[in-house]
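Every heavy atom of this structure was used, including side-chain atoms; hydrogens, water molecules and symmetry mates were not.
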Amino acid sequence: MNRWYRIGNLAIIVCLLLCTACLPQRDRTPAITVESIPIQSGLALRVTGRHWQPGSEVAIGFNAPGGTPQDSETIATTLTDASGSFVALFPFPMDKQWAQMPEVWVVAYTHHFSQVASVRFRNPQLLTATPLPWSTPRATQPIQPVVYALGYVKNITPGARSLALRPLEGQAGTITWDERTQILYAGQPAEIQIGDLIEASGQSISKDHLMAYQILILARAMAEQTPTPTKPLSAWRGEYYNNTTFSGAPVVTRSDAAIDFQWQNGSPAEGIPVDHFAVRWTGNWPFETGTYRFYAQVDDGVRLWLDGHLMIDRWHESTGALYSADAYVSNGSHAVRVEYFDAWANAHARVWWEYRSPDVTVTHTDWKAEYYNNMTLSGTPFLVLNERAIDFDWGAGAPASGMPADHFSARWTRTALFDAGAYQFYALSDDGVQLWVDETLVIDHWMDGAAQTYVGDLSLSQGSHTIRVQYYENAGMAVIKVWWELLPATPTPTYTPVLPTSTPLLPTPTPTPSPPEATPTPLSTPLSTLEATPGSP
């Protein structure tokens, strides 16, 4: 008995350990830390976040002591990476409301304040800017006022000693330097990297061009600030093409922590032109069970797939348009693919998503698609989203990341406008398929079978009709395609005379050829003479 008692206790301990190890990431509370960085014009703040929803947009705001998160004034926004972390850098606001306040609350929050974290920040005395001279004075250089620029490094051209800047302060978008320029990080000479936060001081060449006397690297790129995780985490795999059709091999392939780029008139990477380029990002991201809204804000075109299902399709030129689409997903990892192209002029791309709730009502403009991890359409769907057409050939694969390649089912529902008339509905399926129109079963092949097209006819009145398609896959290949067409109206018959039945139908006689026409006999008197004779008839 003692033996069974010990075995039972051991089993309980093992179960508790397993349950503790399997606790979902959503039980971890979002948190932020704030660090101040002195810059020439005052202060910059670096806000670091942990344990947030991966891929979501986080707003950062200031609030007076005693206020609520909803009272916060938004100062900056950022996107979280695959681990739910972010690093945001921005200058401390110089307006009197905040500059004269001894302490403020820095608040980070997602849409609808579903996730909130805050920390108290004491406002230190702003540092006084000190002009930074050249290491070797230039006797021929006329005295010029020193100007400053603060921002992120977007692109570097080492041979030309030039970089493209995403400015946070100042208007300079291009920074150049020469052999006498000081480039420092933590007081030591250093190399500039893409993604660094820098402050450049020097002479203004033009409105958006600064010749730097000194470049201070205030913070390294996000990849160096994020601690190395204990196991590999997903990130965006970015493939950059020097054309807009994804032709050939990508010129640059790299990891991007977030799709949040403001290239404007610059190049996204070395070897990529400033216009007429394309980028494809792919990644597997963790999700909780519930409804998400996916956003894409771009200039110019964008497409977004979730688990291979096209959700956003805006493949055309635009100027900063914002697009969105909703989907219900199950807990676990899901594949997201984004394609983007820039035609000309400004270029920017932002993609993120936000968690809405487990049971929010979503409107589907086309087909409402529901995918199940079983063949009986039972239980909670694994994935629910909008689809423009039912046209899939998954082969031996699965319809979504995390779903089995066999033994699954799906349901599609939509309301469509029809003209009055007779319709023919088609369903190409491997295996079972059923199709209803207004609860009338038009196609019924709920059994295993190789890919085959099934047909059903139905007359419809003019107006809206609801179509429902149900499908299951047992084993082997998986194919489903549904479409319909309006049959042509029956033509009006033409009148054909019918002979009386009492009159026998005689064979058509063979026509007898006419004898050759006789050769006319010539007149003995000339025609001209006859016409000239008086009294002729």
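Side-chain contact check for Gln262 and Arg166: no donor-acceptor pair (N or O, by modelled atom type) lies under 3.5 Å. One side chain, Tyr295 or Glu354, offers a donor N or O that lies under 3.5 Å from an acceptor on the other. No side-chain N or O of Tyr213 forms a donor-acceptor pair with one of Arg180 less than 3.5 Å apart. Under 3.5 Å, the side chains of Asp366 and Asn386 contain a donor-acceptor pair of N or O atoms. In summary, the side chains of Tyr340 and Arg280 do not present any donor paired with an acceptor at a separation below 3.5 Å, with no hydrogens or angles considered. For the residue pair Arg254 / Tyr240, a side-chain donor-acceptor distance below 3.5 Å is found, with atom types taken as modelled.
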side-chain hydrogen bond (donor to acceptor under 3.5 Å, both in side chains) between Thr176 and His209, intermediate numbers included: CA-CA 8 Å; Thr176 55; His209 187 181; 3.1 Å; yes

Candidate pair Ile32 and Val47, rule side chain to side chain contact (heavy atoms under 4.5 Å, CB included), full reasoning: CA-CA 7 Å; Ile32 59 171; Val47 181; 4.1 Å; yes

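Scanning both residues, Ser201 and Leu210, for their nearest heavy atoms gives N-CD2, 4.4 Å. Of all heavy-atom pairs spanning Arg46 and Ala219, the tightest one is NH1-CB, 3.2 Å.
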Tabulate below the donor-acceptor pairs under 3.5 Å that side-chain atoms of residues 269-278 make, not counting sequence neighbours, or state none.
from, atom 1, to, atom 2, distance (Å)
Asp275, OD1, Ala345, N, 3.0
His276, ND1, Ala343, O, 2.9
His276, NE2, Ala343, O, 3.3

Identify all side-chain donor-acceptor contacts of residues 304-311 below 3.5 Å with residues at least two apart in sequence or on another chain.
from, atom 1, to, atom 2, distance (Å)
Asp307, OD1, Ala335, N, 2.9
Asp307, OD1, Ser401, N, 3.4
Asp307, OD1, Ser401, OG, 3.0
Asp307, OD2, His334, ND1, 2.7
His309, ND1, Glu387, OE2, 2.2
His309, NE2, Pro399, O, 2.6

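Residues in residues 314-333 take part in these salt bridge (Lys or Arg N to Asp or Glu O under 4.0 Å) pairs, two or more places apart or across chains: Arg293-Asp326, Asp326-Arg356.
With respect to Arg350 and Glu57, a salt bridge is recorded, a charged nitrogen being found less than 4.0 Å from a carboxylate O.
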